[in-house]
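Here it is: the structure, laid out below.
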Amino acid sequence: MTIYQNLIAGEWTGADAVENINPSDTKEVVGLYASGSATDTNNAIAAAKAAFPAWSRSGIWERHVILKKAGDEIMARKDELGALLAREEGKTLPEAIGETIRASQIFEFFAGEALRLAGEVVPSVRPNIGVEITREPLGVIGIITPWNFPIAIPAWKIAPALCYGNTIVFKPAELVPGCSWAIVDILNRAGLPKGVLNLVMGKGSIVGQTMLDSPDLAGITFTGSVGTGKRVALSSIEHNRKIQLEMGGKNPMVILDDADLSVAVEAAANSAFFSTGQRCTASSRLIVTEGIHDRFVQAMTEKLKTLNVDHALKTGTHIGPVVDERQLKTDTDYIEIGKKEGAKLAFGGELISRDTPGFYLQPTLFTEATNQMRISREEIFGPVASVIRVKDYEEALAVANDTPFGLSSGIATTSLKHATHFKRNAEAGMVMVNLPTAGVDFHVPFGGRKASSYGSREQGKYAAEFFTTVKTAYTLA
Ligand code: UN1
């Protein structure tokens, strides 16, 4: 089997490789991917540093053309890349193709943004002096991405980094190197100068740690666990480095008595179980008022019976496998914890076997949960959700906000009054009314509050906050 190598200083390199395994069929090796060393990582950082002066002064048309080419190629290959994504991560083929289209759209968006870079010219408070305010690229950016969105999250960090003139050392999650390799290959062929974008696949403990220890990274943008995010933060203070962290969620979905039941069930089932619940925007706490509680639980369990858990590439699959054995163990451990804490298992909870050996788990719904239980406070990152019964809207809002996290918060209601109040008072970076908490647009800000996020927003025009630094220049006329 050929080895998909790392890209360092414009050269494909690396002989040590690991297998990329398909979670829908653990007998299938998706490919062999290089596993980089500390030396590889340091070489990549040095290459990015050497490439920065020229790239930071490159023309905006050159950046536009490269980003546009990449977006176009990703779109043209959406079925093939979507299938690769589904094979390495386990989300269903339609979800994977949708994510691939999103990645293409992100490149198209930032191709456009490259042509719209602008600053401000303002008068000084002193006579005969002019003031210019401009944005300059930050320098070498470290990009560390998680396994759950193998193409969209790399795209939404790489595209703005390049658009604003930064160079990159990119470390994708070890579980899903395939899509990352593909987009680096696409960008490399699209004409990026050597060293502007370096790919170092491999272990967090080696590649990631070497990045954290480097004084030469001006910024790190990271999506992943709270624990690793904290380590990124602490090491970055020492190096006076800018950071952008997207970490966990324990997102609430409030369902009020006046909700349209089918809208509520669609939004809750999608948020909690699609993409196998493996989204930091998933809702795992369904906070339901008394008057609709029993009808909602009944309709949810009916809905769950109709969802097929199976091989990600199989037509008709609604929920693919869990990503790997370790995540499956976390999920089943939390199911046991939920039972011990006294929540009632209303649906699922069991492993299932299919034609191929994979990590298949039923969508799992607890009822009679309280907001104090561990299953309500800790992020599980699997197809497991709990229903928490509350008296009224006021209690629902209080429970929704009573969490260490603050990424996305949803409400199902037909009341304009409650929807408006919730939008203003939900302690989250994103609020969804009559929509799933997960599934976001690519052109508007993404991010959260509290333990979910740190630093400025990702995506859309707001991405410039992280990927640039502001300069104020005064000139005597
Ligand atoms: C989405 O819900 O469409 O890791 C995106 C995550 C998020 C992305 C969610 N950063 O789940």
Side-chain angles (χ1 to χ4, degrees), residues 82 85 88-92 94-106 109 143-160 172-173 175-176 179-180 220-229 232 243-253 266-284 319-320 322-323 327 330-331 379-385 405-410 428-432 435-460 462-463 466:
L85 198 168
E88 68 175 349
E89 199 270 350
K91 66 181 65 174
T92 67
E95 288 173 334
I97 292 174
E99 188 188 325
T100 307
I101 292 171
R102 193 201 299 199
S104 162
Q105 290 165 326
I106 291 164
F109 178 87
I143 295 181
I144 304 178
T145 57
W147 51 259
N148 65 332
F149 283 85
I151 198 162
I153 293 180
W156 85 44
K157 295 182 190 292
I158 291 172
L175 276 178
V176 293
C179 290
S180 292
I220 293 187
T221 173
F222 165 86
T223 300
S225 70
V226 175
T228 308
V232 173
I243 49 173
Q244 179 181 54
L245 310 176
E246 286 302 335
M247 299 169 286
K250 197 69 197 174
N251 307 295
M253 165 75 78
E266 284 307 313
N270 175 319
S271 305
F273 302 114
F274 288 5
S275 297
T276 322
Q278 298 174 150
R279 294 185 283 193
C280 58
T281 45
S283 13
S284 43
I319 301 175
V322 171
V323 74
Q327 182 62 49
T330 302
D331 298 348
E379 184 175 48
I380 301 172
F381 222 65
V384 184
F405 295 103
L407 187 56
S408 183
S409 199
M430 296 175 291
V431 181
M432 309 291 187
L435 287 166
T437 52
V440 298
D441 283 5
F442 62 87
H443 67 310
V444 290
F446 176 90
R449 299 181 183 179
K450 292 155 82 177
S452 290
S453 304
Y454 190 93
S456 55
R457 292 286 183 263
E458 305 196 77
Q459 302 212 66
Y462 286 68
F466 177 72

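Note that ligands are numbered from 1 as they come in the structure, with each ligand's atoms numbered from 1 the same way.
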query: What protein heavy atom sits nearest atom 8 (C) of ligand 1, and how far off is it?
result: Trp156 CH2, 3.6 Å
message: Measuring from atom 10 (N) of ligand 1, which candidate in Gly249, Cys280, Pro146 has the nearest non-hydrogen atom?
response: Cys280
message: Out of all atoms in ligand 1, which are within 4.0 Å of some heavy atom of Ala438? Include the element for each.
response: 2 (O)
- request: Would you mind telling me if ligand 1 is within reach of the side chain of Arg102, the backbone, both or neither, using heavy atoms under 4.0 Å?
  value: side chain
- prompt: Got the closest protein heavy atom to atom 9 (C) of ligand 1, with its distance?
  reply: Thr281 OG1, 3.5 Å
message: Test your reading of the structure: does Thr223 have an N or O sitting under 3.5 Å from an N or O of ligand 1?
response: no
message: For atom 1 (C) of ligand 1, what's the nearest protein heavy-atom neighbour? Residue, atom name and distance, please.
response: Gly439 N, 3.3 Å
- request: Could you tell me whether Arg279 and ligand 1 have an N or O pair separated by under 3.5 Å?
  value: no
field: Atom pair CD (Gln244) and OG1 (Thr221), whose distance is rounded to the nearest 0.5 Å
entry: 3.5 Å
NZ or CZ of Lys157 within 45° of Phe222 ring axis and under 6.0 Å: no
field: Donor-acceptor contact below 3.5 Å, side chain Gln278 vs main chain Val323
entry: yes
field: ligand 1 atoms in contact with Ile153 (distance to a heavy atom under 4.0 Å)
entry: 4 (O), 10 (N)
query: Measuring from Phe466:CZ to Arg457:CZ, what's the distance to the nearest 0.5 Å?
result: 14.0 Å
Spacing of Glu89 atom CD and Ser275 atom OG [to the nearest 0.5 Å]: 7.0 Å
For Asn148, atoms of ligand 1 separated by under 4.0 Å from a heavy atom: 4 (O), 6 (C), 11 (O)
field: Test item: Glu99 side-chain N/O and Ala152 main-chain N/O as donor-acceptor pair under 3.5 Å
entry: yes
- prompt: Would you call the rings of Phe442 and Phe109 parallel, tilted or perpendicular if under 30° counts as parallel and over 60° as perpendicular?
  reply: perpendicular
